[in-house]
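Below is one structure; the comments refer to it alone.
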Amino acid sequence: MPLCTEAFIRWGEKAFQSSFCTVALHWNATQMKMFKGNERAEIKADGLLKRNISTLLKKPNNFIKIIKSNACLLPICSLYGAAVTTVEGVGSTKTRIHPVQERLAKCHGSQCGFCTPGMVMSIYTLLRNHPEPTSEQMIAALAGNLCRCTGYRPILDACKTFCKVRSSGDRITRLGLSIKLLLFACLLFKVSTSLFSTDEFQPLDPTQELIFPPELMRMAENQPKRTLLFHGKRVTWISPVSLDELLDLKAAHPEAPLVVGNTSVGPEMKFRGVFHPVLIAPARIPDLNVLKYTDDGLTLGAACSLSLVKDTLTNAIVEFPEEKTRVFHAVLQQLRTLGGEQIRNVASFGGNIISRKSTSDLNPVLAASNCMLNLASRVPLSDTYMSALHLAQGEYVSAFRQAPRRENALPITNAGMRVLFEEGTDIIKDLSIFYGGAVSTTVCAKQTCWTLIGRHWNEKMLDEACRLVLKEIALPGSAGGENIDYKKTLMVSFFYRFFLEVSQSLKTMDPCHYPGIPMEYRSVLQDFKTRMPQSIQMYQAKPSQSPQDPVGRPIMHQSGLKHATGEAVYIDDLPSVDGELFLAAVTSSRAHAKIVSVDTSEALKAAGVFDVITAHDVPAANEFYFSDDPEIIFARNKVICVGQIVCAVVADSDVHAKQAAAKVKIEYEMLEPVILTIEEAIKHNSFFEPKRKLEQGNVDEAFETVDNIIEGEICIGGQKHFYMETQSMLAVPKGEDKEMDMYVSTQHPAIIQEIVAASLGVPANRIMCHVKRVGGAFGGKILKTGLLASVAAVGILKTGRAVRFILSREDDMVITGGRHPFIAKYKVGFMNDGKIRAVDAKYYINGGCTPDESVLVAEVSLLKMDNAYKIPNLRCWACVCKTNLPSNTAFRGFGFPQSGLVTETWITDVADKTGLLPEKIKEINMYKKNEQTHFKQKLDPQNLIRCWNECMEKSAYYSRRTTINELNKENYWKKRGIAIVPMKFPFGLGTPYLSQAAALVHIYTDGSVLLTHGGIEMGQGIHTKMIQVASRELNIPMSCIHFCETSTTTVPNACASVGSAGTDVNGMAVKDACQTLLKRLQPIIKKNPTGTWNDWIKEAFKQSVSLSATGYFRGYNEYMDWEKGEGQPFTYFLYGAACSEVEINCLTGDHKNLRTDIVMDIGCSINPAVDIGQIEGAFVQGIGLYTMEELKYSSEGVLYTRGPDQYKIPAVCDIPEQFSVSLLSSSQNPYAIYASKGIGEAGLFLGCSVFFALRDAVTGVRNERGLKKTFALNSPLTAEQIRASCADAFTEMPLLWKLWSSHS
């Protein structure tokens, strides 16, 4: 294979030259583990933990280059001569906290904390290079980081404190509030807008940063470059220093990949089991790192990182005339969104090009721009290879891409286009059109280009070009769940965008002869940009409260500093246990099949393997009947979904376990039917029982009396939890009496204890489950975690050794379920004035292969389906479908995000039918007085109305809608939309015993307090709040109180931390325990009222007063009678409203979230910083559910979207540019601790305000284009669906081409 040594990017119509070498990368984790001990080498959240790399570059003036990178992209051998800094090296609670760590923690930028070290490293690296960064640099620095908890706003607040320009005035006024008005409101209503004080922050002092190690400095300066050779047990790493040596090595090892950035070979080895015995690393070859300007353009070496290319082109654009840098602009257009900075810092320019992958964003634009590629080889080059990378030259050059997420996502389709006109005319002299993402490599529409030469640049040419492109570029059948029609639409839409750009450029060149494009078309020429969001948070201040009382104050998360320093311990951070083994699961590759045989012979022969565990090794229960159908640990005779665990391998390392697991051979015999979808379940009558129904009024009679009836259907896709810490457990035998310690990342230690004990056939008192903290859960770490923990426990029983079981991201997504997909069918009867009289709805819910909690989810979806509306006659069914997918389970919101979306959909349908605005229909039908719900529970909607009105006012809804209407008239290809959504969120678990709670409080003789309770810390700040409760009750500082862990040894039979109930119920238990202790201390305090806390405790001990107490809360009196269809399943209601504004690109379907205003009634907040963070985090997770996170399966039930490459959760670029959250003032709740309300789940539903804002924008497009036909939008409302709904000639072309092709 030839080596690409030089590529050349020309000036303007000349070229841009760049030197290239084929690049690939590899990391063998067995021989090349990077770090040990507290440096935490484990790759967290699939490489979201960052490393900071410092390297001395040999330049005329030696300088230190500091970059950040994902740990998984850095083979240890590639770090020769570099200094590596991990988050532990930045700062520590034991030594000195770095300002980045301090500000992230104090600005409340961590919740579960698992992603926080990566955030720290991204910000820290930026500050090392730019001590006073711009907001643009800061946003770019975080583009490659993901967070599932916070919604990013508090992280960005911390970032802003380091930026050059920081104006709180701008921050407020951009949200529509003047400073004077805000100050007046704060004084009048005692409202606070500050969640932290910048006065507490230590200054950033660049002189105090780590220096580059002098020994590495001397080595770089004095030692001549020499070839590096590293031998491992299986791998040899060779790093040559000359191009000739590289060519010799490649001739000697033709199959050896070239390794620079590890962005290609690394994932192949990690995810696809590819092995390379020899790796060649050419990054140290000077010829491949050249950066040289010439008269003709710019030469770049193949090993130059994409970041270096980006910076070089950016500087060149500033330095050189515009006519010389048109190609640079086009290449930069792609580089800005090509991966995150940590990817671009290591990925090489040559590697991206020479890999010839269809997903390369650079190849189409470089090829279209006639860039030159210089290759070197010891063998003759084939014509085919050369022609595949033939590069043309051009006059007008543009690049385009559309991806599932605007930043850090592989493209669905991309393009590079160039046109050269006959001098002084609009006659095409040369044309280049290249597409990526269409087929297996970059493809050129050669025939189209040749045909169009000589044509005038006009609409006739445009129409012909689009038809020719569709004819010439044949896309293969759908693979990986891709929509071919969308790709075809993008291909012609991109060309149309290019047509508009060039037409406008022609006008600029000669306005007399070329009319350009209409003013209303011009906005589409500007792509959406990510800007630093502006935000404000408002909550009720308590000036009369004692300064020592922490309740109601924005207290920093108890583990915030430990999150930021990397000292917070998660399951895989626990130290190795002597003799510890690692477990890897072997999962089914079939959705429904009989297991004919399981051959483990090859696996047992593999290196490091101790044993293989199957269902036959489970000594007691392998199946658990919580309902009629069992939950299963190991498949025994048949499999019922892809991803079901058949057996497991235990070995001496994680790598050995996974290698051996891949060698297990399972023979299947397919069973029928294979049911994957709700439609297939309905066809085969495959359901879990019972079906549920709620009904009030006389629905059939009401339908006879209404003016209008509409019927509709909506499909709502599922959602993966995508917690940052995957399912993780460490099981440790205690050596006697069959005792076992289980360290598990779970929301429910008691169910872990119960299932593990039952599977081993031992009493529950032999199984001790411990949970320090959980790196995110959202409902996904309950029942399935218990089954996985049992797999590890059986491993202990068979081997007698401790077993660590940490799922990879891919395995986690394949094995576990997620949020339930819905199909809802509805019939709505209403009057001409918009008053809804009758609703008949049916929900079909995809439960997966076992019941899990699906029936309960169905019940909750029915109980909460009315949302904020009083429907006098209502009938609704919920049926749980039994399918051959992994069991779906609890997820934040628990059925309401789906049923609430259905309700808002038919509300909007009524608005469309009546011609009224959706907000008017909502106001007409909203609960307005003390009434009963459809299950006969009393309801006072006063705070619902307050939230709605405040949101209307704070968002300036009506004036903005008028502005949007005017903007939409002036812009044809970009449209804005706005929507406001109310919310009634009932709180409760439906049964008293599910909300009981206990706590245990010890006071030691030095006055310190140890607190524990049954709640689990998973990001929602429950331990912080419990310490606040104990501080108030005992009247001592929070610093005197410590929380250790949640354990079944201290609080038995604790209920799961679910349903936003953790603070409510555990707070009551902690309060009870503290009050018990205070009651015991009262005689001593009364006798010595001027004494100190320590005096009283010492005296209590001397008087033999017990300083330990349990607290208990019996639970709420909740019940539901499904036979009668009535009850009181909820204790109280939360209320809220959200208004969101978006802008869509009608040519691509892309959109930008411009602004969101949220008003929430959460009672009296115990910790406003935590609660506002929960609202924002849930809201952004809702944006993911309703607009982005799409699950795709093959027809055989194999999940395509099984990792961060394919499954996109919201990133920094997806949050609203203006983001306001206000807590409703003067709200009381007599049912919960200190009048607060459980807030963890409610905010997620408000994310649908973005969905309906998008719908509003699409409706505007369709109305303008005369598309009066009723249309339906499903969830998630992705770019693909938006583009298809904005129907035009380009969306019709692929369909017409299908018809032409079928008749030709």
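These values consider heavy atoms only, across backbone and side chains, with no hydrogens, waters or symmetry-generated copies.
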Any heavy-atom pair between the side chains of [Y] and [X] that's under 4.5 Å?
X       : Y       : value
Phe196  : Phe201  : yes
Arg946  : Asn943  : yes
Cys1164 : Lys542  : yes
Pro133  : Leu127  : yes
Ile1162 : Ser1236 : no
Tyr1004 : His1002 : yes
Val90   : Met121  : yes
Tyr152  : Leu146  : yes

Please test Lys1098 against Thr1005 for side chain to side chain donor-acceptor pair (under 3.5 Å), starting from the C-alpha separation and ending with a verdict. CA-CA 6 Å; Lys1098 284 183 171 64; Thr1005 54; over 6 Å; no
Which residue, Gln1181, His721, Glu1241, forms the side chain to side chain donor-acceptor pair (under 3.5 Å) with Arg892?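 Passing option: Gln1181.
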So with a 6.0 Å cut-off around OH of Tyr1234, is the heavy-atom count from everything else above 12?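 Buried by this count: over 12 neighbours within 6.0 Å.
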Please report the closest heavy-atom contact between [X] and [Y], naming both atoms and the distance.
X       : Y       : value
Asp1157 : Cys951  : O-SG, 3.5 Å
Thr1046 : Gly1015 : OG1-O, 2.7 Å
Ser995  : Cys1055 : N-SG, 4.4 Å
Asn145  : Ser122  : OD1-OG, 2.8 Å
Ser1057 : Gly1014 : OG-O, 4.2 Å

Using a strict 4.0 Å threshold on nitrogen-to-oxygen distance, state whether [X] and [Y] make a salt bridge.
X       : Y       : value
Arg1032 : Asp549  : yes
Asp1161 : Lys984  : no
Lys772  : Glu1045 : no

Would the distance check show the side chain of [X] and the main-chain N or O of [Y] forming a donor-acceptor pair, the cut-off being under 3.5 Å?
X       : Y       : result
Glu1017 : Gly1021 : yes
Lys1025 : Val1170 : no
Ser559  : Lys562  : no
Glu1033 : Ala1030 : no
Asp1095 : Thr1092 : yes
Glu102  : Gln202  : yes
Glu725  : Tyr723  : no
Glu567  : Thr93   : yes
Trp1093 : Gly1007 : yes
Arg153  : Phe1219 : no

Have [X] and [Y] got a donor and an acceptor in their side chains that come within less than 3.5 Å?
X       : Y       : result
Tyr539  : Ser192  : yes
His563  : Thr116  : no
Ser1220 : Lys954  : no
Glu1099 : Asn1088 : no
His557  : His1023 : no
Gln996  : Tyr1112 : yes
Arg1155 : Ser1140 : no
Ser535  : Gln1218 : no
Asp940  : Tyr1132 : no

Would Leu156 and Ile1215 count as a side chain to side chain contact (heavy atoms under 4.5 Å, CB included) if you check the C-alpha gap in whole Å, the side-chain angles of each, and the deciding distance to 0.1 Å? CA-CA 11 Å; Leu156 294 171; Ile1215 68 172; 3.6 Å; yes
Apply side chain to side chain donor-acceptor pair (under 3.5 Å) to residues Gln1174 and Gln111 and explain how you reach the verdict. CA-CA 9 Å; Gln1174 286 287 287; Gln111 289 185 17; 2.9 Å; yes
Stepwise side chain to side chain contact (heavy atoms under 4.5 Å, CB included) check, Met138 with Ile123: CA-CA 7 Å; Met138 191 64 81; Ile123 302 166; 4.2 Å; yes
Could you go through Cys1044 and Leu1010, starting from their C-alpha distance and side-chain angles, then the distance that decides it, and tell me whether this counts as side chain to side chain contact (heavy atoms under 4.5 Å, CB included)? CA-CA 7 Å; Cys1044 181; Leu1010 180 65; 4.0 Å; yes
Could you tell me if the ring centre of Phe1133 sits under 6.0 Å from that of Phe987?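 Not close enough - the centres of the two rings lie 6.0 Å or further apart.
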Given side chain to side chain contact (heavy atoms under 4.5 Å, CB included), test Asn1153 with Glu1217 step by step and report yes or no. CA-CA 7 Å; Asn1153 300 322; Glu1217 274 191 2; over 6 Å; no
